[in-house]
> 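The structure that follows is given in the form of structure tokens.
Chain naming here is simple, since letters A, B, ... match the order of the sequence lines and numbering starts at 1 in each. Only this structure's heavy atoms are used, side chains among them; waters, hydrogens and symmetry mates stay out. Please read all numbers here as calculations on a predicted model, not as lab measurements.
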Amino acid sequence: MDKQWFDGMEARIPRGEVRTRFAPSPTGYMHVGNLRTALYTWLIARHAGGKFLLRIEDTDQGRLVEGAVDVIYATMRRCGLTWDEGPDLGGPVGPYIQTERRPLYKKYAELLVEKGAAYYCFCEKAESKEDSGQFERSDDPCRDLDPAEAKARVEAGEPYVIRQRIPHEGSTTFRDAVYGDITVENSELDDQILLKRDGLPTYNFANVVDDHLMGITHVVRGAEYLSSAPKYDLLYRAFGWEIPIYVHCSSIMIADPETGTVRKMSKRHGDPSYEDLIAQGYLNEAVVNYVALLGWAPRGELAEREFFTLDELARVFDIEGVSKSPAAFDMAKLTYFNASYLRAMAPEDFAQAAEPWIRQTVKNPAYDVADIAALLQARCEKLSDIPEKVDFFDALPDYDAGLFTNKKSKTDPEVSWRMLEAAIPMLEGLADWSQGPIHDGLIALAESLGVKNATLMWPVRIAAAGKAVTPGGAVEICRILGREETLRRLRLGLEKLS
RNA sequence: GGCCCGGUGGUCAAGCGGCUAAGACACCGCCCUUUCACGGCGGUAACACGGGUUCGAUUCCCGUCCGGGUCACCA
């Protein structure tokens, strides 16, 4: 056995430093739940001034996805979850890709066999969950094989796996930072496979080995791993390693409209992933902020606060505030966060973000993106709301004359006809086609006609836009459309009313 | 089903033995107003249930119910 593996790693890591890791498997997208786990993991490290590492768990050869690692990098970067060590950066305890650490796991598994905490198993492979459970764990005929005989069969080339030998008696208690102490009867635990037939480790084994070798102090992961935690403890103890602090995070649920119940959020059921949300026009900052609050809440003074930047989160995040019960993902609230972030943007930043969405329907270069964006900023909750809202600029919709009737504005077809007839010459004669003059001209006209502002504004806006609801009022829309186009549309309205 | 973990308004949640039980989203009104928004103001709405412990339980313990997780050579 190569002794350096046992003594070398620890020496490379400063004592007392908090080290956490996000260890995704490359699936090609980021679950919302995974994003939150990554975020909390990052926050714990940053809060403590420690190190955050990225490790790729690609031990499932059957599920390799091309380019998936790049998706992970891109997502992490976009979210601001910077890492200090990782496959691309390297670091003192690499490699950071599990398949590149392959020889390591076998050595450690064999060490466990030597110690009697694991054993070779030659039983038939159960290909799936359904095929498993052919025999009860206590019935595994290989568990009590003579070590020398087992070794001989291995050397003879017989396929095998290495299983963890879990005591049949007693119980195991482990400690979790959010759930507290949890005790499980050992008889409830199965002799899980550590090393697969292909020589690669299972997730559970690779985690223990890597987390130890990489000096991870806080193991953060989803609550679905809570039930395997006692087996981890048994493994750490068998190795004689220090047990890290476990931080299990409850699942993120989502309401299922079909069944009227909640279930764990998952890509498989068509629930949105991080990428989906971004594609739907949600801002990265809003998603991160919202997700941070799904399962964690600031305490004390900050209990009422909801808006946090990443840096602020790093400052105030504490494991104490992590909740034990599963939280339901609420798209409406995410939308609220997104709307707030959109409104808080500098106008020019918003215009830049909105431009591609505006240009989906506003192709005419005569219409200024910044002008339109200014109308939109307070009126959209997500960027994908935009195209539909501004579709009337390029082409006047084929609207119904009924739109001219509006009770609140006191308009009907007849009134509207008079308003348009009066507005057209006034607008034609305007010296300067800009916000102030158009506004003042219309207000003055309303006064001279003896009608309330809305009575004049409504028909003008309807004729100009051809829609009942528009971003911005009559003045803004006319200004952007330009004098010529505005007059053309108002005359069309007049015709429609004749 | 066994085991494990949860349970404060529809949702996220504060609370950590004594409170008229915060706040936010959503919803409903009102104000503002050139449509719709934004913004402002106000409102409806909760401690799952039953036993204990205690002078006193949302808070501690037990049971019930409900919800979730897990029982793969997947992670």
Side-chain angles (χ1 to χ4, degrees), chain A residues 23-25 27 57-60 62-63 121 123 125-133 137 159 161-163 176 179-180 182-185 187-190 192-198 200-204 206-207 221-230 248 250-251 253 255 261-264 290 293-300 302-306 321 323-337 339 343 375-381 389 403 406 408-409 439 442-443 446 452-458 460-462 465 467-477:
Chain A
S25 62
T27 56
E57 310 229 335
D58 57 347
T59 57
D60 185 356
R63 281 209 238 175
C121 172
C123 295
K125 182 177 181 179
E127 289 289 350
S128 70
K129 202 176 186 169
E130 289 69 37
D131 314 334
S132 67
R137 54 177 284 286
V161 299
I162 292 180
R163 284 181 186 275
D176 180 88
Y179 289 92
I182 295 173
T183 300
V184 177
E185 293 302 316
S187 57
E188 295 294 331
L189 273 22
D190 66 325
Q192 66 173 342
I193 288 173
L194 269 21
L195 200 72
K196 297 184 275 192
R197 192 164 299 225
D198 63 7
L200 284 167
T202 55
Y203 166 86
N204 287 318
N207 258 272
R221 55 183 173 177
E224 60 268 32
Y225 300 111
L226 210 48
S227 59
S228 48
H248 285 95
S250 62
S251 317
M253 315 299 289
T261 58
V262 293
R263 52 146 211 275
K264 196 174 151 191
Y290 173 62
L293 263 19
L294 260 190
W296 173 83
R299 346 242 303 164
L302 268 23
E304 287 191 16
R305 187 153 166 211
E306 287 196 307
S323 122
K324 294 196 248 287
S325 46
F329 183 88
D330 181 3
M331 194 64 97
K333 183 129 191 187
L334 199 217
T335 301
Y336 158 77
F337 269 95
R343 278 181 247 121
L375 300 184
L376 255 10
Q377 191 159 5
R379 281 176 251 255
C380 59
E381 301 187 299
K389 288 186 188 297
L403 280 186
N406 180 264
K408 203 177 142 208
S409 304
H439 174 268
L442 284 169
I443 296 294
K452 56 189 263 183
N453 294 341
T455 306
L456 174 61
M457 296 293 189
W458 179 274
V460 170
R461 191 179 59 84
I462 293 302
K467 293 180 82 171
V469 175
T470 56
V475 179
E476 290 82 1
I477 289 168

> Between A:Thr59 and B:rA75, does any side-chain N or O lie under 4.0 Å from OP1 or OP2?
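Yes, A:Thr59 has a side-chain N/O under 4.0 Å of OP1/OP2 on B:rA75.
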
> Using atom C1' of each nucleotide, how far apart are B:rC19 and B:rC47 to the nearest Å?
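Rounded to whole Å, the distance is 13 Å.
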
> Assign A:His439 to base, sugar-phosphate, or nothing according to its heavy-atom contacts below 4.0 angstrom with the strands shown.
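If one applies the 4.0 Å heavy-atom cut-off, A:His439 turns out to touch a base.
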
> Looking at B:rA37, I'd like to know if its phosphate oxygens (OP1 or OP2) sit under 4.0 Å from a side-chain N or O belonging to A:Arg343.
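It does not, given that no N or O in the side chain of A:Arg343 lies less than 4.0 Å from OP1 or OP2 of B:rA37.
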
> For the side chain of A:Arg379 and the base of B:rC38, is some donor closer than 3.5 Å to an acceptor across the two?
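Not at all, since no donor on one side and acceptor on the other fall under 3.5 Å apart.
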
> Measure the distance from CZ on A:Phe329 to P on B:rG68 and round it to the nearest whole Å.
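Taking atom P of B:rG68 as the reference, CZ of A:Phe329 is at 19 Å.
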
> Would you say B:rG15 has OP1 or OP2 under 4.0 Å from some side-chain N or O of A:Arg299?
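Indeed, a polar side-chain atom of A:Arg299 lies that close.
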
> Would you check if the side chain of A:Ser228 reaches a backbone N or O of A:Tyr225 as a donor-acceptor pair within less than 3.5 Å?
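Yes.
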
> If you only use heavy atoms from C-beta on, which nucleotide in B:rC3, B:rC12, B:rG6 is closest to the side chain of A:Ala328?
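When the side chain of A:Ala328 is considered, B:rC12 is the closest of B:rC3, B:rC12, B:rG6.
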
> Side chain of A:Met457 only, please: which of B:rG6, B:rC3, B:rU34 is the nearest?
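Closest nucleotide to the A:Met457 side chain: B:rU34.
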
> Using 4.0 Å as the upper bound for N to carboxylate O, is an ion pair formed by A:Lys333 and A:Glu306?
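Judged by the 4.0 Å cut-off on N to carboxylate O distance, A:Glu306 and A:Lys333 do form a salt bridge.
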
> Mind checking the C1' distance from B:rG15 to B:rA57? Whole angstroms is fine.
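Straight-line distance between the two C1' atoms is 13 Å.
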
> Need one value for A:Thr335: base, sugar-phosphate or nothing, where a base atom within 4.0 Å counts as base even if backbone is also close, heavy atoms only.
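No contact at all - A:Thr335 keeps every heavy atom at 4.0 Å or more from the nucleic acid.
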
> Starting the side chain at C-beta, find the nucleotide from B:rA75, B:rG68, B:rU35 nearest to A:Ser251.
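The closest nucleotide is B:rG68.
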
> Under a 3.5 Å limit for both distances, which nucleotide forms a Watson-Crick or G-U wobble pair with B:rA13, could you say?
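Partner of B:rA13: none found under 3.5 Å.
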
> Record whether the side chain of A:Arg461 comes under 3.5 Å of the base of B:rU34 through a donor-acceptor pair of N or O atoms.
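Not at all, since no donor on one side and acceptor on the other fall under 3.5 Å apart.
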
> Rounding to an integer number of Å, can you tell me how far A:Leu194 CG sits from B:rC74 C1'?
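For the pair A:Leu194 CG and B:rC74 C1', the rounded distance is 15 Å.
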
> What is the distance, rounded to the nearest whole Å, between atom NZ of A:Lys467 and atom P of B:rA37?
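To the nearest whole Å, that distance equals 14 Å.
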
> Please report the distance separating the C1' of B:rG63 from the corresponding atom of B:rA22, rounded so that it comes out in whole Å.
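Nearest-Å result for B:rG63 against B:rA22 at atom C1': 32 Å.
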
> Measuring only the P atom in each nucleotide, how far is B:rC49 from B:rG9? A whole number of Å is fine.
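Between the two P atoms, the distance is 10 Å.
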
> Whole angstroms only, please: what is the CD1-P distance between A:Ile193 and B:rC71?
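The distance from CD1 of A:Ile193 to P of B:rC71 comes to 13 Å, rounded to the nearest Å.
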
> Do A:Ile162 and A:Ile193 make a side-chain contact, defined as non-hydrogen atoms from C-beta onward lying under 4.5 Å apart?
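They are not in contact (no side-chain heavy atoms under 4.5 Å apart), so the answer is no.
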
> Would you mind telling me which of B:rC36, B:rA75, B:rG68 lies closest to the side-chain atoms of A:Pro326?
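Looking only at side-chain atoms, A:Pro326 lies closest to B:rG68.
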
> Donor-acceptor pair, A:Tyr290 side chain versus A:Asp330 backbone, under 3.5 Å?
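Here the side-chain-to-backbone pair exists.
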
> Atom OH of A:Tyr336 and atom C1' of B:rG23: how far apart are they, to the nearest Å?
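The distance from OH of A:Tyr336 to C1' of B:rG23 comes to 10 Å, rounded to the nearest Å.
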
> Which value, in whole Å, describes the distance between the C1' atoms of nucleotides B:rA75 and B:rC62?
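About 38 Å, rounded to a whole number of Å.
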
> Taking CG from A:Leu195 and P from B:rC73, how many angstroms apart are they, rounded to a whole number?
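Going from CG in A:Leu195 over to P in B:rC73 covers 13 Å.
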
> Mind checking if A:Ala468 touches a base, just sugar-phosphate, or nothing, with heavy atoms under 4.0 Å?
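Here A:Ala468 touches the bases of the nucleic acid.
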
> Can you find an N or O donor on one side and an acceptor on the other, under 3.5 Å apart, linking the side chain of A:Tyr225 with the base of B:rA75?
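Counting by modelled atom types and ignoring angles, a donor-acceptor contact under 3.5 Å is found here.
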
> Determine which nucleotide pairs with B:rC3, using a 3.5 Å limit on both distances of a Watson-Crick or G-U wobble pair.
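Pair assignment: B:rC3 / B:rG69.
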
> Is a side-chain donor or acceptor of A:Ser409 paired with a backbone partner of A:Trp458 at a separation under 3.5 angstrom?
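Not at all, since once roles are kept as given, no pair shorter than 3.5 Å links the two residues.
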
> Give A:Gly472 one of three labels, base, sugar-phosphate or nothing, depending on what nucleic acid heavy atoms sit under 4.0 Å from its own.
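If one applies the 4.0 Å heavy-atom cut-off, A:Gly472 turns out to touch a base.
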
> Taking a pair as Watson-Crick or G-U wobble with both distances under 3.5 Å, which nucleotide is matched to B:rG42?
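Check on B:rG42: paired to B:rC28, both distances under 3.5 Å.
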
> Let me confirm one number: the OG1-CZ distance from A:Thr470 to A:Arg461, rounded to the nearest 0.5 Å.
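Reported to 0.5 Å precision, the distance equals 4.0 Å.
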
> Give one of base, sugar-phosphate or nothing for A:Val460, where a contact means two heavy atoms less than 4.0 Å apart.
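It contacts nothing in the nucleic acid.
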
> Return the NE2 to CG distance between A:His439 and A:Asn453, rounded to the nearest 0.5 Å.
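These two atoms lie 7.0 Å from each other.
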
> Find the partner of B:rA48: check Watson-Crick (N1-N3 plus N6-O4 or O6-N4) and G-U wobble (N1-O2, O6-N3) distances, both under 3.5 Å, and reply none if neither fits.
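Partner of B:rA48: B:rU64.
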
> Which nucleotide, if any, forms a Watson-Crick or G-U wobble pair with B:rA75, using both distances under 3.5 Å?
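Base partner found: none.
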
> B:rC66 C1' sits how many Å from A:Met253 CE, rounded?
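For the pair A:Met253 CE and B:rC66 C1', the rounded distance is 13 Å.
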
> Indicate, with a heavy-atom threshold strictly under 4.0 Å, whether A:Arg263 touches base, sugar-phosphate, or nothing.
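Contact class for A:Arg263: none.
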
> Side-chain contact, heavy-atom cut-off 4.5 Å: A:Leu200 with A:Leu195?
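Answer no - side chains too far apart.
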
> Taking atom C1' in both B:rA14 and B:rC61, what distance in whole Å separates the two?
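Pairwise C1' distance, B:rA14 against B:rC61, rounds to 24 Å.
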
> Is the glycosidic torsion of B:rC25 within 90° of 0, making it syn, or is it anti?
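For B:rC25, whose glycosidic angle is more than 90° from 0, the conformation is anti.
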
> Of A:Val469 and A:Leu294, whose nearest nucleotide on RNA chain B comes first from the 5' end?
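In this pair, the answer is A:Leu294.
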
> For the base of B:rA24, is there a side-chain donor-acceptor partner from A:Lys333 under 3.5 Å away?
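Yes, the side chain and the base share a sub-3.5 Å donor-acceptor pair.
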
> Scan A:Thr470 against the nucleic acid and name what it touches under 4.0 Å (heavy atoms): base, sugar-phosphate only, or nothing.
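Counting heavy atoms under 4.0 Å across all strands, the contact made by A:Thr470 includes a base.
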
> Would you mind classifying the nucleic acid contact of A:Lys264 as base, sugar-phosphate or nothing, using non-hydrogen atoms under 4.0 angstrom?
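Sugar-phosphate only.
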
> Within the 4.0 Å heavy-atom criterion, would you say A:Ala474 contacts the bases, only the backbone, or no part of the nucleic acid?
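The answer is base, as A:Ala474 lies within the cut-off (heavy atoms under 4.0 Å) of a base atom.
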
> Using a 3.5 Å distance criterion without hydrogens, assess whether the side chain of A:Lys389 forms a donor-acceptor pair with backbone atoms of A:Val469.
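Checking the backbone N and O of A:Val469 against the side chain of A:Lys389, no donor-acceptor pair under 3.5 Å is found.
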
> Starting at the 5' end of RNA chain B, which residue's closest nucleotide do you reach first, A:Glu476 or A:Lys324?
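The 5'-side residue here is A:Lys324.
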
> Could you work out the separation of B:rA26 and B:rC12 based on their P atoms and round it to a whole Å?
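Roughly 15 Å separates the two P atoms.
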
> How close or far is atom P of B:rA24 from atom CG of A:Leu334, stated in whole angstroms?
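So the two atoms are 19 Å apart, to the nearest Å.
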
> On the nucleotide B:rA75, are OP1 or OP2 found under 4.0 Å from the side-chain N or O atoms that A:Lys196 carries?
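Answer is yes, contact under 4.0 Å.
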
> Look at the side chain of A:Ala297 and decide which nucleotide, out of B:rA14, B:rA22, B:rA26, has an atom nearest to it.
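Comparing B:rA14, B:rA22, B:rA26 against the side chain of A:Ala297, the answer is B:rA14.
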
> When you check the phosphate oxygens OP1 and OP2 of B:rU33, does a side-chain N or O of A:Lys452 lie under 4.0 Å from one of them?
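Result: no.
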
> For A:Tyr203 and B:rA75, is the shortest distance between a side-chain N/O and OP1 or OP2 below 4.0 Å?
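The answer is no; no side-chain N or O of A:Tyr203 sits under 4.0 Å from OP1 or OP2.
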
